[in-house]
Student: 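Structure incoming, see below.
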Amino acid sequence: MRKILLLIILAATFGCHFGAHAQYNREYFFWVGRRCMMNNDYQEAIRTLNTLLRFDDEAFEGYFLRGIAKYNLDDLIGAEFDFSTAIKLNPVYTQAYTYRAITRSRLGNYDDALQDFREAIELRPDLPSPYYSRGVTRLLNQQFKEAISDFDKFIRQEKKVADAFICRGLSYLHLKDTVQAYDNFNRAIRTNREDPNGYNRRGALYMQQKRYGEAEADFDKAISCDSTYLLSYFNRALVYSDTHRPMRALADFDKVIQLDSTNSLTYFNRAMLRAQIGDYNRALDDYNRVALYSPNNVLVYYNRAGVHAQLGEIEKAVADYTSAIKLYPDFANAYIYRGRLRELLRDPKGAKHDRETAQKKIAAYRSRLSDSTYSIYADTTQRFDRLLSFDSKFAGSSFDPIINRSGGREEMRLMPLFKFTLLQPDSIPTVAHYRLRRIDDFKKRVGNKLLTLSCRESNVSADSLVLFDKHYAQELRKGDVSWIDLFQRGITQSLIKQYTNSVNTYTAAIEQNPSNPFLYLNRSTTRAEMIDFISSIDNSYQRITIDSDPANRLNNNSKRTYSYDEAVADLNKVIKLFPDFAHAYYNRANLRALSGSLPEAFDDYTKAIELNPSFAEAYYNRGVVQIFMKDTRKGCLDISKAGELGIKAAYEVLKRYARNEDN
């Protein structure tokens with residue numbers, strides 16, 4: 001993509017024409033700016049073009065070139081603004097439409113990108129490059145047949161661009177047409193035999209089909225083309241592992257870590273491989289490093305427990321299995337192995353309890369295999385020690401309220417869902433919320449001093465939560481069950497991550513009191529949290545970017561999708577029962593945003609703010625949504641308002657996005 005951008009700079013140079021006044025100076029600044037860009041000195045190019053645009057603020061070519069410079073500095077919002085200015089000044093500027101479309105595609109704004117490509121192609125249907133770029137956008141937008149059509153049109157005019165064959169091959173691969181995929185990868189290799197990407201793509205397909213010899217040959221060739229392309233070493237390590245050559249696999253993993261010392265996925269795979277060959281001490285070192293990077297990933301503790309057990313460190317192994325169970329209470333395997341270790345520690349009672357719990361988890365799982373509830377994703381006794389592909393990284397929580405930094409890129413998170421939870425009084429400043437008589441009356445009716453409507457994590461200790469849960473369980477066993485007792489049990493079960501049980505308990509409470517909106521609110525939140533947690537264990541890893549070309553970010557692995565429909569249905573019921581409840585609109589907005597329905601989420605946040613003009617979290621999340629909808633200025637205004645109302649995280653966001661908006 002950047003090669004094409006540099007080519008367009010030359011084209012723009014010959015298309016440049018300024019007025020007669022101050023002709024020499026303007027041409028000079030334009031020439032200097034172009035030269036800086038050809039030397040990859042984009043910041044100096046921007047400074048030079050700024051001078052040019054001060055002389056002539058209608059020089060649309062200057063805005064276009066400055067947009068390219070910003071694009072290459074990853075200031076995508078600034079680039080989009082400059083391309084838009086160029087189009088405003090010259091509505092038939094084909095190249096500006098094309099590169100605004102490319103920018104919007106990288107921002108994930110596929111609909112507007114495709115509209116820009118339509119404009120560019122209508123203006124100049126003879127140009128090949130817009131077809132290639134639109135094909136990449138359609139590939140990313142999973143419009144695979146349309147993408148193939150675009151790549152066909154590009155290839156008719158440009159037969160020597162290997163990336164076009166690779167992208168068309170990926171499109172066929174997503175349509176399950178491996179014959180056409182192989183043909184296109186082969187053509188990419190014939191087109192450019194020095195490009196490692198073609199060999200890597202074909203090798204990955206060979207590996208997927210267990211044609212290990214051919215895959216290894218392709219990865220060898222990719223490494224000979226580029227000895228610093230870490231994906232080649234990583235994939236070859238997987239081939240070595242699958243063909244029982246662990247020492248060679250370890251050597252390749254070592255090379256990946258040498259090239260990228262922070263790649264936790266490689267440490268994780270190397271740890272599993274070291275454990276498989278009995279190198280337990282060094283496997284433990286790798287797991288310790290991964291646990292430091294990903295403290296909330298259940299598989300780290302589960303796998304590390306096995307290493308501790310092999311080293312005879314039984315207490316540490318039990319502690320790790322316990323950590324895994326705390327993170328994922330339906331983890332049957334963890335109970336099984338912890339039970340065996342408790343036998344060694346002469347704890348027959350604990351061992352029996354773990355065995356019985358594991359059997360219950362497995363039986364519950366099998367009984368629901370045809371059920372549509374989320375518990376079908378609970379663990380049974382599957383293995384979790386296979387090596388994982390590079391198209392992944394450790395998963396995190398979608399409700400994490402902080403800015404997550406991974407792989408050198410930043411990703412904003414939504415402020416969490418609101419629910420009735422248990423909170424001890426503390427000194428942490430809270431954001432003021434409006435008070436409703438109906439909420440106060442509900443809390444009085446329940447009669448629990450710790451009960452609070454909040455989006456914060458509970459600060460009640462895990463041991464105390466377990467004791468509370470046991471207390472409510474004992475009360476319920478006495479008979480004469482009330483919806484209040486069921487509601488409080490549902491809260492404690494949710495807080496100790498017994499999500500399936502919690503949903504069932506809330507359902508029982510709703511059967512007794514079907515007109516109470518707050519019961520539906522908590523069941524909705526629990527369902528949403530359960531989906532989020534299940535996705536982190538079911539898809540223990542997610543895709544990561546390994547290449548600047550957006551087409552190369554795609555992987556070929558199927559991925560389960562999760563639906564918040566039942567959680568949203570509960571919130572619809574809350575709103576029907578209590579239409580003035582701002583938090584219900586806020587929660588529904590969150591789930592719609594997580595489902596990709598950003599305009600609908602925006603509307604719900606707006607309704608929440610209408611009902612509660614001081615709703616800081618709603619301003620913050622609406623700002624995030626607007627930024628993702630590319631309305632950065634309004635988004636920053638909302639986030640600024642959230643900061644005024646007490647959301648400290650707002651100012652970290654403003655430091656980045658307000659600065660981009662000003663460029």
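Fair warning: this is a prediction, and the values are worked out from it, not measured in the lab.
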Student: Please evaluate residues N333 and Y302 with respect to the criterion side chain to side chain donor-acceptor pair (under 3.5 Å), reporting the C-alpha separation (whole Å), side-chain torsions for both, the decisive distance (0.1 Å), and the verdict.
Tutor: CA-CA 9 Å; N333 258 13; Y302 174 79; 2.8 Å; yes

Student: Evaluate D347 against V318 for side chain to side chain contact (heavy atoms under 4.5 Å, CB included), listing each step before the verdict.
Tutor: CA-CA 12 Å; D347 180 9; V318 168; over 6 Å; no

Student: Can you give me the closest heavy-atom contact between L205 and A181, atom names plus distance?
Tutor: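 Closest approach of L205 to A181: CD2-CB, 4.1 Å.
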
Student: Closest approach of V624 and L414, non-hydrogen atoms and distance?
Tutor: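 So the two residues come closest at CG1-CD2, 3.9 Å.
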
Student: Taking all heavy atoms of D320 and all of Y301, pick out the closest pair and write down the distance.
Tutor: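 That would be CB-O, 3.4 Å.
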
Student: Using 0.5 Å steps for rounding, measure from the CG atom of L170 to the CG atom of D163.
Tutor: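 If I round to the nearest 0.5 Å, the distance is 10.0 Å.
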
Student: Tell me if the centroids of the rings in Y206 and Y212 come within less than 6.0 Å of each other.
Tutor: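 Not close enough - the centres of the two rings lie 6.0 Å or further apart.
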
Student: Can you tell me if Y199 uses its side chain to pair, donor with acceptor, with the backbone of A215 under 3.5 Å?
Tutor: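 The answer is no, because no donor-acceptor pair under 3.5 Å joins these two groups.
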
Student: Please confirm whether the backbone N or O of V239 pairs with a side-chain atom of T243, one donor and one acceptor, at under 3.5 Å?
Tutor: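 Yes; judged by distance alone, with no hydrogens or angles, the pair exists.
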
Student: Under the 3.5 angstrom rule, does the side chain of Y240 hit a backbone N or O of N235 as a donor-acceptor pair?
Tutor: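 Not confirmed, Y240 side chain does not pair with N235 backbone.
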
Student: For Y229 and N200, which heavy atoms make the closest approach, and how far apart are they?
Tutor: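 So the minimum-distance heavy-atom pair works out to CE2-ND2, 3.1 Å.
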
Student: If we only count heavy atoms from C-beta on, is the L495 to F468 side-chain gap below 4.5 Å?
Tutor: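 Of all side-chain heavy-atom pairs linking F468 with L495, none is under 4.5 Å.
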
Student: Would you give the length of the straight line joining atom CZ of F185 to atom CZ of R201, rounded to the nearest 0.5 angstrom?
Tutor: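 The distance works out to 6.5 Å.
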
Student: Side chain to side chain donor-acceptor pair (under 3.5 Å) between S264 and R289: does it pass, once the steps are laid out?
Tutor: CA-CA 8 Å; S264 61; R289 187 183 292 268; over 6 Å; no

Student: Please enumerate all residues that pass side-chain hydrogen bond (donor to acceptor under 3.5 Å, both in side chains) together with N288, with sequence neighbours excluded.
Tutor: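 Here the qualifying residues are R304.
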
Student: With sequence neighbours left out, write down each residue that passes side chain to side chain contact (heavy atoms under 4.5 Å, CB included) with L476, or none if nothing qualifies.
Tutor: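 Scan of L476 (side chain to side chain contact (heavy atoms under 4.5 Å, CB included), adjacent residues dropped) gives V481, D485, L486, R489.
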
Student: Using only atom types and a distance under 3.5 Å, with no angle test, would you say the side chain of T505 pairs donor to acceptor with the backbone of G490?
Tutor: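 Side chain of T505 to backbone of G490: no pair is present.
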
Student: Quick one: pull up CD in Q142 and NE2 in H174 and give me the separation to the nearest 0.5 Å.
Tutor: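 Reported to 0.5 Å precision, the distance equals 7.5 Å.
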
Student: Heavy atoms, side chains only, cut-off 4.5 Å: are Q208 and T178 in contact?
Tutor: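 Q208 vs T178: side chains apart.
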
Student: N522 and S494: side chain to side chain contact (heavy atoms under 4.5 Å, CB included), yes or no, with the steps?
Tutor: CA-CA 9 Å; N522 266 37; S494 176; over 6 Å; no

Student: Starting at CG of L250, measure out to CZ of R245 and round the result to the nearest 0.5 Å.
Tutor: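 L250 CG to R245 CZ: 13.0 Å, rounded to 0.5 Å.
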
Student: Do the charged groups of K419 and E529 touch, with an N to O distance under 4.0 Å?
Tutor: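 Yes, charged N to carboxylate O under 4.0 Å.
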
Student: Working note: R248 + D252, criterion side chain to side chain contact (heavy atoms under 4.5 Å, CB included); need CA distance, chi angles, decisive distance, verdict.
Tutor: CA-CA 6 Å; R248 289 193 175 187; D252 273 352; over 6 Å; no

Student: Roughly how far, to the nearest 0.5 Å, is the CG atom of L284 from the CD atom of E313?
Tutor: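 E313 atom CD to L284 atom CG measures 6.5 Å (nearest 0.5 Å).
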
Student: Closer than 3.5 angstrom, by distance alone: can the side chain of Y506 be matched with the main-chain N or O of I491 as a donor-acceptor pair?
Tutor: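 Present.
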
Student: Using atom types as modelled and distance alone, determine if a side-chain donor or acceptor of N263 lies under 3.5 Å from a backbone N or O of T266.
Tutor: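 At least one qualifying donor-acceptor pair exists.
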
Student: Mind running salt bridge (Lys or Arg N to Asp or Glu O under 4.0 Å) on D354 and R340 for me, showing each step along the way?
Tutor: CA-CA 9 Å; D354 278 347; R340 293 176 183 175; over 6 Å; no

Student: If you measure from OG1 on T357 to OH on Y335, what distance do you get to the nearest 0.5 Å?
Tutor: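 Answer for the OG1-OH pair, T357 versus Y335, is 6.0 Å.
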
Student: Mind running side chain to side chain donor-acceptor pair (under 3.5 Å) on R456 and S454 for me, showing each step along the way?
Tutor: CA-CA 5 Å; R456 284 178 54 192; S454 177; 5.2 Å; no

Student: Could you go through the side chain to side chain contact (heavy atoms under 4.5 Å, CB included) check for L107 and F628 one step at a time?
Tutor: CA-CA 8 Å; L107 286 165; F628 277 94; over 6 Å; no

Student: Assess whether a salt bridge exists between R270 and D254, defined as any Lys/Arg side-chain N lying under 4.0 Å from an Asp/Glu carboxylate O.
Tutor: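 Yes.
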
Student: Can you check whether L265 reaches V290 side chain to side chain, under 4.5 Å on heavy atoms?
Tutor: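 They are not in contact (no side-chain heavy atoms under 4.5 Å apart), so the answer is no.
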
Student: Check this for me: Q209, atom CD, are more than 12 non-hydrogen atoms of other residues, nucleotides or ligands nearer than 6.0 Å?
Tutor: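 More than 12 within 6.0 Å, yes.
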
Student: What pair of heavy atoms forms the shortest contact from D195 to A162, and how long is it?
Tutor: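 Closest pair (atom of D195, atom of A162, distance): OD2-CB, 4.4 Å.
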
Student: Backbone N or O of L417 within a donor-acceptor pair of the N587 side chain at under 3.5 Å?
Tutor: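 Between the backbone of L417 and the side chain of N587 there is no qualifying donor-acceptor contact (under 3.5 Å).
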
Student: Partners of I496 by side chain to side chain contact (heavy atoms under 4.5 Å, CB included), sequence neighbours excluded?
Tutor: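 With sequence neighbours excluded, I496 shows a side chain to side chain contact (heavy atoms under 4.5 Å, CB included) to L465, V466, D469, Q498, given in chain and number order.
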
Student: Would a 4.5 Å heavy-atom cut-off, applied to side chains only, mark T492 and Q488 as touching?
Tutor: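 No, their side chains stay 4.5 Å or more apart.
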
Student: How about F234 and F253: are their ring centres within less than 6.0 Å of each other?
Tutor: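 They qualify: ring centres under 6.0 Å apart.
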
Student: Report yes or no: is the cationic atom of R211 (NZ for Lys, CZ for Arg) closer than 6.0 Å to the six-membered ring centre of Y182, at no more than 45° off its axis?
Tutor: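 Yes; both conditions hold, so R211 lies above the ring face of Y182.
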
Student: Could you go step by step and tell me if S464 and S461 meet the side chain to side chain donor-acceptor pair (under 3.5 Å) rule?
Tutor: CA-CA 5 Å; S464 297; S461 69; 2.8 Å; yes

Student: Looking at S241 and A237, would you say the former's side chain and the latter's main chain have a donor-acceptor pair under 3.5 Å?
Tutor: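 Not confirmed, S241 side chain does not pair with A237 backbone.
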
Student: Which pairs with one or both residues in residues 273-283 pass salt bridge (Lys or Arg N to Asp or Glu O under 4.0 Å), sequence neighbours excluded?
Tutor: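 Listed once each, the pairs are R274-D286, D279-R282.
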
Student: Do the non-hydrogen side-chain atoms of K361 and F331 ever get within less than 4.5 Å of each other?
Tutor: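 No; the side chains remain at least 4.5 Å from each other.
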
Student: Answer yes or no: is there a side-chain heavy-atom contact under 4.5 Å between T452 and L422?
Tutor: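 They are not in contact (no side-chain heavy atoms under 4.5 Å apart), so the answer is no.
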
Student: Are the side chain of S261 and the backbone of I257 linked by a donor-acceptor contact shorter than 3.5 Å?
Tutor: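 Between the backbone of I257 and the side chain of S261 there is no qualifying donor-acceptor contact (under 3.5 Å).
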
Student: Compare every heavy atom of A324 with every heavy atom of A334, then report the nearest pair and how far apart it is.
Tutor: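 So the minimum-distance heavy-atom pair works out to CB-CB, 4.5 Å.
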
Student: Could you pull out every donor-acceptor pair under 3.5 Å between side chains of residues 217-227 and any protein atom, sequence neighbours left out?
Tutor:
from: D218; atom 1: OD1; to: R202; atom 2: NE; distance (Å): 3.4
from: D218; atom 1: OD1; to: R202; atom 2: NH2; distance (Å): 2.7
from: D218; atom 1: OD2; to: R202; atom 2: NE; distance (Å): 2.7
from: D218; atom 1: OD2; to: G203; atom 2: N; distance (Å): 3.4
from: D220; atom 1: OD1; to: R236; atom 2: NH1; distance (Å): 2.7
from: S224; atom 1: OG; to: K221; atom 2: O; distance (Å): 2.6
from: D226; atom 1: OD1; to: T228; atom 2: N; distance (Å): 3.0
from: D226; atom 1: OD1; to: T228; atom 2: OG1; distance (Å): 2.7

Student: Can you list everything that forms a side chain to side chain contact (heavy atoms under 4.5 Å, CB included) with E343? Sequence neighbours excluded, please.
Tutor: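 Applying side chain to side chain contact (heavy atoms under 4.5 Å, CB included) to E343 gives A351, R355.
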
